Peer 1: 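Mind looking over this structure? Questions follow.
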Amino acid sequence: TCGICVEKCPFDAIEIINLPKELQDDPAHRYGENAFSLYGLPAPQEGKVTGILGPNGIGKTTAVRILAGELEPNLGRHEDEVDWDDVLEAYRGTELQDYIADVRDGEVTVARKPQYVDQIPETFDGNTRELLEQTNERGALDQLVERLSIGPVMEQSIDDLSGGELQRVALAATLARDTDFYFLDEITPYLDIGQRVTAARLIRELAEEENKSMLVVEHDLAILDLLADTLHVAYGEPGAYGVITPPKSVRNGINEYLSGYLENENMRIRPDPIEFEEHAPRSETRGDVLVDYPDLTKSYGDGEFTLEVEGGRIRENEVLGIVGPNGIGKSTFAKLLTGNLEPDEGDADLDLDISYKPQYVTIDQHMRVDAFLSSITDQFGSSYWNTEIAQPLQLERIMEQNLSDLSGGERQRVAIAACLSDSADLYLLDEPSAHLDVEQRVQATSAIRRYAEQQDATVMVIDHDIYTIDLLADRLMVFDGEPAERGRASPPQSMRDGMNEFLANLEVTFRRDERTSRPRINKPDSQLDKEQKSEGEYYYAP
Ligand code: ADP
Ligand code: ADP
């Protein structure tokens, strides 16, 4: 036995010999005999942003309910045997001692931003202004509305907001409150990079200027790096147990997580490291031309929005990354390619079969996952399909579930599988990283790349996670302009040229972490930031 339980280890997944230190202690909470157990708790600190990095289903919500005083942790014992004083005793001498004392005394107030903002319209009836005015406790609402560019949708019904708008409204609603502790479960889905950086800065400012405790779960590593002061890594077996490590420096936490080995814990959480190539720009693909599209323009309404596309070529068997702010015409371009929209000028009659995964995944019929996927491809269930699609996208465990019961991340994985399983000339995926954890992003990325290579498929991916784009794309197509007014699309170019054009628009430079080569955002106006800007090297700096 391993010390957790008397007879047999309930978690077949655990190798008893390699039992991490944390699991030899009492859990913070166990839902019942042989039920999910949470080991360790994150430690929010006044004036600091604390990050959590790890997979979904590992007990974050459980931890937050404990920190919010909603769930009295049972320390793995029968609940009649434990009260808050015992919990305080168990955490005496740790970073959490003062915090738990406050929770015991009912002195902690909490504001929370939920993970799946798409569900907000189901629980709120009204417009943006009505929602935000309810939460305007600090008198900071006007400033939040301005910084997050919410002004144009203030009078719009919550039901009609796009995912990116909902995300910003939910952030504003949470940050407008006046509480001690703020918990934000993923801030980046559906936001472009500029909006992600703004959200990160607002959270930092609330911690620093108002001395608040912020706890953030985030899977966009570049943003997490910018955002957090300390980091807890979370790992475990979804549904069985979760471990939240003591706080690490953000740099070490991310590096150890990527390397797959947690040093202080002497714990391997993944067989292989996740690696970023030092000089990542891949040599340009030299495949045959799949499509040669001319200059195109498209306007909506009375020229409310106009997109100008400079003609270009997409090559066979390449993964083309597409970047640019929200509202700049990326989906419009996709619809021109798929023939769902007619251009005003130029002939886009491409005669291509395109398989398209939209940004907002709406597959929620009452149908099982296996039935849905087998209706798309007769390859379903073949060993090739299982190895290349089902396994890397972790579909086995959810095959028998109903589409309508899936979480956001599960739905995303099914939608990626459905898109890739269709037979088409061109595969177009809009924000496949949304709601996937880091591990799943890397696996989805490599599934998409391998698929492109093995099937000689051509893939276009729109995404705002710079790591996902870096790991995925051979070449890059950059959109810029004035969101919601006019957009301009450059032809596909090399990763280096494309990243430089894109990041120059945003005035953001990246350096490389010395140990792992992963890209990190430079502080604005730092020595490196200035040097790289003057050299025009925004991303793949030497
Ligand atoms: P996360 O927020 O990381 O996705 P949660 O804390 O919501 O994870 O859940 C972790 C695990 O605990 C899940 O397997 C979930 O099924 C289980 N769980 C959550 N609440 C309860 C409960 N009230 N009773 C039993 N199990 C629960
Ligand atoms: P992106 O994919 O880059 O976020 P879109 O191509 O979806 O951008 O939209 C670009 C602009 O065009 C946005 O301002 C959007 O509101 C507007 N738009 C998109 N579709 C329509 C439409 N059918 N009618 C009017 N305006 C539209």
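On a predicted model such as this, the values are computed, not experimentally measured, just so you know. All ligand and atom numbering here is 1-based and tracks the order in the structure.
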Peer 1: Just jot down the ligand 1 atoms closer than 4.0 angstrom to any heavy atom of T61, in number order.
Peer 2: 1 (P), 2 (O), 5 (P), 6 (O), 7 (O)

Peer 1: For I58, take its heavy atoms, then give the atoms of ligand 1 lying under 4.0 Å from any of them.
Peer 2: 1 (P), 3 (O), 8 (O)

Peer 1: Is a donor on one side and an acceptor on the other found under 3.5 Å between the side chain of R112 and the backbone of F183?
Peer 2: no

Peer 1: Got the closest protein heavy atom to atom 8 (O) of ligand 1, with its distance?
Peer 2: G59 N, 3.1 Å

Peer 1: Answer yes or no for atom 16 (O) of ligand 2: protein heavy atom present at a distance under 4.0 Å?
Peer 2: no

Peer 1: Keeping the roles fixed (side chain from T198, backbone from L148), state whether a donor-acceptor pair exists under 3.5 Å.
Peer 2: no

Peer 1: Taking the side chain from E501 and the backbone from G498, do they hold a donor-acceptor pair closer than 3.5 Å?
Peer 2: no

Peer 1: Is it true that a side-chain atom of S355 and a backbone atom of Y427 form a donor plus acceptor pair closer than 3.5 Å?
Peer 2: no

Peer 1: Enumerate the atoms of ligand 2 whose separation from the nearest heavy atom of I328 is less than 4.0 angstrom.
Peer 2: 1 (P), 3 (O), 8 (O)

Peer 1: For N326, is at least one N or O under 3.5 Å away from an N or O on ligand 2?
Peer 2: no

Peer 1: Regarding T306 and S299, is there a side-chain donor-to-acceptor distance under 3.5 Å anywhere?
Peer 2: yes

Peer 1: Give yes if a backbone or side-chain nitrogen or oxygen of G327 is under 3.5 Å from a nitrogen or oxygen of ligand 2, and no if not.
Peer 2: yes

Peer 1: Judged by atom type as modelled, is there a donor-acceptor pair below 3.5 Å linking the side chain of D86 to the main-chain atoms of D83?
Peer 2: yes

Peer 1: When only distance counts, is P55 in polar contact with ligand 1, meaning an N/O pair under 3.5 Å?
Peer 2: no

Peer 1: Is there a heavy atom of G301 sitting under 4.0 angstrom from any atom of ligand 2?
Peer 2: no

Peer 1: If we ignore angles and hydrogens, is there a donor and acceptor under 3.5 Å between the side chains of D470 and Y539?
Peer 2: yes

Peer 1: For E70, does the CD atom have more than 12 heavy-atom neighbours from other residues, nucleotides or ligands under 6.0 Å away?
Peer 2: yes

Peer 1: Just checking, any donor-acceptor pair under 3.5 angstrom between side chains of Y31 and N74?
Peer 2: no

Peer 1: Is the gap between the ring centers of Y467 and H219 under 6.0 Å?
Peer 2: no

Peer 1: Could you check whether Y293 and F333 have their ring centres less than 6.0 Å apart?
Peer 2: yes

Peer 1: Taking only heavy atoms of P325, which atoms of ligand 2 are found under 4.0 Å from at least one of them?
Peer 2: 3 (O)

Peer 1: How far is atom 6 (O) of ligand 1 from its nearest protein heavy atom, and which residue and atom name does that atom have?
Peer 2: T62 OG1, 2.5 Å

Peer 1: Looking only at protein heavy atoms, which one is nearest to atom 27 (C) of ligand 2, and what is the separation?
Peer 2: Y300 CD1, 3.3 Å

Peer 1: Using a 3.5 Å distance criterion without hydrogens, assess whether the side chain of D437 forms a donor-acceptor pair with backbone atoms of N56.
Peer 2: yes

Peer 1: I want to confirm something. Looking only at heavy atoms, which of G324, S299, P483, S331 is nearest to atom 7 (O) of ligand 2?
Peer 2: S331

Peer 1: List ligand 2 atoms under 4.0 Å from G329, heavy atoms only on the residue side.
Peer 2: 1 (P), 3 (O), 5 (P), 6 (O), 8 (O), 10 (C)

Peer 1: Please report which non-hydrogen protein atom sits nearest to atom 14 (O) of ligand 1, along with the residue it belongs to and the distance in Å to one decimal place.
Peer 2: G239 CA, 3.2 Å

Peer 1: Should you measure from each heavy atom of K330, which atoms of ligand 2 turn up under 4.0 Å away?
Peer 2: 1 (P), 2 (O), 3 (O), 4 (O), 6 (O), 8 (O)

Peer 1: Return the residue, atom name and 0.1 Å-rounded distance of the protein heavy atom closest to atom 18 (N) of ligand 1.
Peer 2: Y31 CE1, 3.3 Å

Peer 1: Between F305, Y190, F479, flag the one that comes closest to atom 10 (C) of ligand 2 by a heavy atom.
Peer 2: F305

Peer 1: Starting from atom 9 (O) of ligand 2, what is the nearest protein heavy atom, named by residue and atom, and what distance separates them?
Peer 2: T332 OG1, 4.0 Å

